[in-house]
Structure formats: C-alpha cells, structure tokens
Amino acid sequence: MGDTILVTGGAGYVGSHVVIELAAAGYSLVVVDNFANSSPDVLSRLRRITDGRVACHVGDVRDHSLLRRVFAEHAVAAVVHCAGLKAVAESEADPLAYYDTNVGGAIVLVQSMADAGVKRIVFSSSATVYRDTDRNPIPEDAPLGPASVYGRTKLVVEELLRDVVRSDPAWRVALLRYFNPAGAHPSGQIGEAPSATPNNLMPILAQVAAGKLGEVTVFGGDWPTPDGTGVRDYIHVMDLAEAHVAALTHLRHAAGVVALNLGTSRGYSVLEAIAAFERACGKPIPRRMAPRRVGDVACRVADASSARAALGWAAKRGLDTMCADGWRWQVHRDSGIIAEPR
C-alpha cells in the first residue's frame with residue numbers, strides 16, 4: 001500500500017474522481033467532506049470502485065479540531081485540497097461566504113498541516129485567476145487579475161501558499177489551475193451532482209436533456225468570438241484527476257511552488273458544447289439567449305505545455321467523450337442504476 005493522501009472535498013465532483021485515480025495508483029485515501037454540495041452516497045460508490053480503500057471524516061475543512069484528529073489518526077503524507085465553493089455568480093452575490101469558506105478553509109488546513117509536519121499539497125485552483133485578456137491560449141505567466149469574487153479567493157489562496165513556501169522552503173506546492181472540468185467516470189457511477197440548480201454548463205445540459213430543466217440559458221451572444229458565445233477549454237474530469245496523481249509524484253522530488261494550467265489547449269463555444277451534447281443524448285436541447293453575467297469573460301483556453309513538460313501529462317479525452325460520459329452518468333442516476341442498497 002502506498003502513502004496516505006488526504007483529499008478535502010473528496011466526495012465532490014472533482015475530488016471523487018481524484019480519489020478514484022489515486023486509489024488506482026496505489027495510494028490509501030482519507031476524505032474530509034461536509035457534503036455541502038455532494039452526497040454521502042458517493043462514499044459507498046467510491047469504496048466499491050476502489051475496493052474499499054477510502055476512509056472518511058464528515059466535517060468542515062474550517063474545523064481545526066477535526067483536522068487535528070484526522071492528522072493524528074492517519075499517517076498523511078500529502079494533501080489534495082479540493083474543498084470549496086465554486087460558483088461565479090453565487091460568489092458575486094455572497095462574497096463573505098466565499099472568502100470564509102475558500103480562504104478561511106485554506107488557512108485552517110495549512111495551519112493543521114504545519115502542526116502535523118505535512119508539507120506537501122496539491123491545490124485545486126482555477127483559470128479564473130487570470131486577467132481578462134485577448135491572449136489565448138493562456139500561459140501560466142499571463143497577467144493575474146480575477147474578474148470574479150470566486151477567482152479572487154483562489155488567487156488569495158495561491159498567494160498564501162507561496163508565502164508559506166517563502167517562510168519554510170520544506171513545503172512543496174502544486175497550484176493546478178483548472179479550466180472547465182466536464183464529463184464523468186466512464187462507469188456511470190460517479191459524476192457531477194450539485195445539490196442545488198447547477199451553475200456549470202455541462203450538468204445543465206444533462207438536466208435539460210433529461211427533462212429536469214426546461215432549457216439552457218446562454219449568457220451573452222455578443223462576445224468577440226466566432227459565434228458570439230463564450231469559448232471555454234473543457235477538460236474531462238478523468239484527465240484532470242490523472243493530473244493530480246502526476247502532480248503528487250512531481251512533488252516528491254520538486255521543492256517550492258509550481259503553477260500549472262490543466263486544459264486541452266482547445267476551446268469550444270457554448271453553442272458547440274450544446275451541439276456535442278445533442279450528439280451524445282440524441283435529442284435537441286432547447287436554449288435561450290440572455291445578457292452577459294457579471295464576472296464572465298469571452299474566452300479562456302489553456303496553454304497546457306508546462307503541465308506536459310513538468311508532469312509528463314496531457315489531456316487525452318475530447319468534448320464528445322466528455323458529453324457521452326456526462327450523459328451516461330445522468331441516465332444512470334435517473335434510472336436508479338446507482339441507487340444504494342436499502
């Protein structure tokens with residue numbers, strides 16, 4: 001059995017897929033999750049997929065006493081920090097909650113790690129840390145300047161971790177700047193399942209296709225893009241999870257801080273994504289045009305060459321696979337295939 005890795009938010013969308021890939025790589029897993037945007041049912045499915053190698057502590061990452069207990073009970077070698085709030089529009093409406101959870105949670109986690117002598121962390125950051133720019137694809141040295149509260153909380157945590165490394169060079173930190181995660185585990189057992197109305201495009205498309213939502217709202221048809229709708233670099237969540245495994249391996253021999261974009265270096269517009277999902281589900285998806293949202297930007301496409309060079313990693317799955325896997329997950333949920341035993 002390999003090292004023990006603590007995954008905060010390990011029952012969430014990205015975190016659960018990271019847990020699966022870490023288990024496949026031979027690691028032992030400990031999850032901390034308060035299920036604010038996930039479900040306890042995920043844990044039994046994770047254990048089934050990983051042959052039971054997942055321990056879980058239910059609670060909030062801001063709870064110092066909980067984290068102290070986790071580090072005391074498990075010989076944690078490193079942390080993957082996925083816990084946090086992630087909706088751009090919600091962050092504009094409730095900035096205090098975002099700073100409290102995202103920044104406050106990181107402070108408590110890093111302090112708890114320091115107390116336990118654990119100084120290796122992979123942080124789930126975001127492409128929203130970059131300034132709105134016409135420069136695409138975006139490299140890691142592009143100007144930083146988030147347009148949303150959500151993005152600013154991610155950048156604050158990045159700077160916090162850089163300051164920690166400056167104060168103690170024993171720390172090893174990977175800042176993984178996600179572009180747009182999509183898709184689901186190919187088994188159809190794990191996928192994105194927001195507890196409220198989804199904010200991200202792909203789960204919205206899945207719910208419209210399943211008849212749970214009436215239409216998808218396209219925010220802005222007047223962006224400076226080929227078809228007027230926003231362009232994003234969608235990355236399959238399994239590719240994203242594999243990058244976390246590679247990042248942990250990298251940190252075994254690389255001191256300091258590394259910031260890496262995780263994307264495909266290929267952008268798709270909202271209308272292109274809708275068309276791909278229609279191919280996956282075999283039915284038309286109603287849509288409605290609406291004004292731009294505060295905090296959104298026209299185009300974000302990753303320059304992912306640094307991740308290829310540093311980690312030996314590259315995204316392998318395309319948009320059609322993301323949509324097919326996402327639709328399979330939605331169908332399995334609706335059909336009860338993933339229902340837990342009573």
Side-chain angles (χ1 to χ4, degrees), residues 1-61 63 66-67 69-71 73-86 105 109 122 124 181-198 200 202-203 206-207 210 212 236-242 244-245 248 322 324-342:
M1 196 69 69
D3 289 342
T4 297
I5 308 299
L6 168 61
V7 182
T8 69
Y13 176 41
V14 172
S16 60
H17 291 81
V18 169
V19 165
I20 290 169
E21 285 304 298
L22 288 172
Y27 290 101
S28 297
L29 282 308
V30 179
V31 165
V32 169
D33 205 304
N34 65 357
F35 307 116
N37 196 35
S38 60
S39 167
D41 291 346
V42 173
L43 293 172
S44 58
R45 281 180 264 134
L46 282 177
R47 289 170 178 143
R48 191 156 57 235
I49 293 170
T50 64
D51 294 326
R53 289 187 290 166
V54 182
C56 182
H57 293 259
V58 180
D60 198 295
V61 74
D63 184 343
L66 168 67
L67 293 183
R69 186 168 69 252
V70 170
F71 285 108
E73 293 180 9
H74 304 275
V76 174
V79 174
V80 177
H81 183 34
C82 296
L85 302 176
K86 63 176 185 176
L109 174 63
V122 176
S124 299
H185 191 267
S187 69
Q189 299 295 301
I190 297 288
E192 188 165 10
S195 56
T197 301
N200 297 334
M202 289 298 178
Q207 291 198 16
K212 296 179 179 300
H236 198 295
V237 68
M238 293 302 296
D239 283 324
L240 198 67
E242 289 166 3
H244 289 71
V245 179
L248 280 173
M322 298 178 217
D325 288 343
W327 178 236
R328 183 183 303 109
W329 157 244
Q330 182 69 50
V331 170
H332 280 200
R333 293 176 67 203
D334 291 346
S335 65
I337 292 174
I338 64 166
E340 303 304 319
R342 294 185 180 276

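The figures that follow rest on heavy atoms only: side chains count, while hydrogens, waters and symmetry mates do not. This is a predicted model, so every value here is computed, not measured.
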Problem set entry | Counterpart residues, side-chain hydrogen bond (donor to acceptor under 3.5 Å, both in side chains), relative to Asp60 (two or more places apart) | Asn34, Arg62
Exercise. Which atoms form the tightest heavy-atom contact between Val31 and Ala11, and what is the distance?
Worked result: CG1-N, 4.0 Å
Exercise. What heavy-atom pair brings Ile49 and Ser187 nearest, and what distance separates the two atoms?
Worked result: CD1-OG, 4.2 Å
For this session: Give a yes or no on whether the backbone of Val19 and the side-chain of Tyr27 come within a donor-acceptor separation of less than 3.5 Å.
Result: no
Exercise. Is there any salt bridge (Lys or Arg N to Asp or Glu O under 4.0 Å) pair reaching into residues 13-26, and which pairs are they, with sequence neighbours excluded?
Worked result: none
Seminar exercise, completed: Heavy atoms of Ala184 and Trp329 approach each other most closely as CB-CB, 3.7 Å
Exercise. Partners of Asp33 by salt bridge (charged side-chain N to carboxylate O under 4.0 Å, His left out), sequence neighbours excluded?
Worked result: none
Problem set entry | Set of side-chain hydrogen bond (donor to acceptor under 3.5 Å, both in side chains) partners for Thr50, sequence neighbours left out | none
Problem set entry | Atom pair SG/NE2 of Cys82 and His244 - distance to nearest 0.5 Å | 5.0 Å
For this session: For Ala25 and Val245, work out which heavy atoms get closest and say how close.
Result: CB-CG1, 3.8 Å
Problem set entry | Any residue meeting side-chain hydrogen bond (donor to acceptor under 3.5 Å, both in side chains) with His81, in chain and number order, not counting sequence neighbours | Thr8
Seminar exercise, completed: In short, Ser44 meets Asp41 closest at the heavy-atom pair OG-O, 3.0 Å
Problem set entry | Arg53 to Ala23 - nearest heavy-atom pair and separation | NH2-O, 2.5 Å
Problem set entry | Derivation of the side-chain contact (heavy atoms from CB on, under 4.5 Å) call for Phe71 and Val79 | CA-CA 11 Å; Phe71 285 108; Val79 174; 4.1 Å; yes
Exercise. With a 4.5 Å limit on heavy-atom distance, are the side chains of Val30 and Glu73 in contact?
Worked result: no
Exercise. Tell me the ring-ring contact (aromatic ring centres under 6.0 Å, His included) pairs involving residues 29-59, sequence neighbours left out?
Worked result: His57-His74
For this session: Could you tell me the separation between the CG atom of Leu22 and the CG atom of Leu248, rounded to the nearest 0.5 Å?
Result: 6.0 Å
Exercise. Between atom CG of Asp325 and atom CE of Met238, what is the distance when rounded to the nearest 0.5 Å?
Worked result: 9.0 Å
Exercise. Under the side chain to side chain contact (heavy atoms under 4.5 Å, CB included) test, which residues partner Ala24, sequence neighbours left out?
Worked result: none
Problem set entry | Partner residues of Arg47 under the salt bridge (charged side-chain N to carboxylate O under 4.0 Å, His left out) criterion, sequence neighbours left out | none
Exercise. How far does OG of Ser16 sit from CD of Gln189, to the nearest 0.5 angstrom?
Worked result: 12.0 Å
Exercise. Among all residues two or more places apart in sequence or in another chain, which pass the side-chain hydrogen bond (donor to acceptor under 3.5 Å, both in side chains) test with Glu242?
Worked result: Lys316, Arg317
Exercise. Is there a donor-acceptor contact under 3.5 Å from the side chain of Arg328 to the main chain of Gly188?
Worked result: no
For this session: Return yes if some donor-acceptor pair links the side-chain N/O of His17 with the main-chain N/O of His185 below 3.5 Å, else return no.
Result: yes
Exercise. Taking only residues two or more places apart in sequence or in another chain, which ones pass salt bridge (charged side-chain N to carboxylate O under 4.0 Å, His left out) with Glu192?
Worked result: Lys86
Seminar exercise, completed: Residues passing the ring-ring contact (aromatic ring centres under 6.0 Å, His included) test with His236, sequence neighbours excluded, are none
Seminar exercise, completed: Sorted by chain and residue number, the salt bridge (charged side-chain N to carboxylate O under 4.0 Å, His left out) partners of Asp63 (sequence neighbours excluded) come out as none
